[in-house]
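Okay, so here's the structure we're looking at.
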Amino acid sequence: QRRNNMIWVYIVALSFTTLEGVKFTVQAPNMAFLSEESCQAYRINSMTHLLKTKPSKLAKAVSQCFSLPFKIDKGILG
């Protein structure tokens, strides 16, 4: 359930190194949501896609949803 004056931010961190120059790309890494539920739902879908499409078993992807205060009436963080 959405808490007043809060936004939920989804962050993805990727790590993959190869001598062959293979790259691992994320299409939409950092996003904001109005509720934890919507952030977590997006996170689950995003991580499922990332884990299915990673170029190697050595590639690592981690993600997290966290809340930040947001003054909606003023349109600013803080």
Side-chain angles (χ1 to χ4, degrees):
Q1 185 164 342
R2 182 163 127 58
R3 288 188 264 170
N4 288 340
N5 298 323
M6 300 297 282
I7 61 169
W8 288 85
V9 180
Y10 170 67
I11 300 284
V12 178
L14 303 172
S15 174
F16 183 64
T17 305
T18 178
L19 296 174
E20 294 82 24
V22 176
K23 297 186 184 194
F24 191 31
T25 304
V26 177
Q27 293 179 353
N30 304 316
M31 299 179 70
F33 298 87
L34 295 177
S35 71
E36 181 179 13
E37 291 80 9
S38 58
C39 187
Q40 293 295 350
Y42 186 87
R43 179 181 174 269
I44 290 168
N45 288 333
S46 177
M47 285 301 293
T48 299
H49 173 74
L50 289 173
L51 295 174
K52 284 181 179 178
T53 60
K54 66 183 184 176
S56 164
K57 291 181 182 180
L58 300 175
K60 304 285 185 211
V62 295
S63 66
Q64 183 174 354
C65 288
F66 63 93
S67 62
L68 288 174
F70 186 80
K71 294 181 181 174
I72 293 172
D73 60 327
K74 301 200 184 306
I76 58 171
L77 285 172

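Excluded from the calculations below are hydrogen atoms, water molecules and symmetry mates; all remaining heavy atoms, backbone and side chain alike, are included.
- Under the 3.5 Å distance criterion, the side-chain polar atoms of S46 are left unmatched by any main-chain donor or acceptor of Y42.
- Here the shortest heavy-atom pairing between W8 and C39 reads CB-CB, 3.9 Å.
- Classification of the Y10-F33 ring pair by plane angle, with boundaries at 30° and 60°, yields perpendicular.
- With sequence neighbours left out, the side-chain contact (heavy atoms from CB on, under 4.5 Å) criterion links V62 to A13.
- Note that the NZ atom of K60 and the CG atom of L51 stand 10.0 Å from one another [nearest 0.5 Å].
- Closest heavy-atom contact between M47 and A61: CE-O, 3.2 Å.
- Distance CD/Q64 to CD/Q40: 8.5 Å, rounded to 0.5 Å.
- The distance from the CZ atom of R43 to the CD atom of E36 is 10.5 Å, given to the nearest 0.5 Å.
- Between V12 and S63 the shortest heavy-atom distance is CG2-CB, 4.1 Å.
- Under a hydrophobic-cluster definition in which Ile, Leu, Val, Met, Phe, Trp and Tyr are linked whenever side-chain heavy atoms come within less than 4.5 Å, directly or via other members, F66 and I44 are assigned to different clusters.
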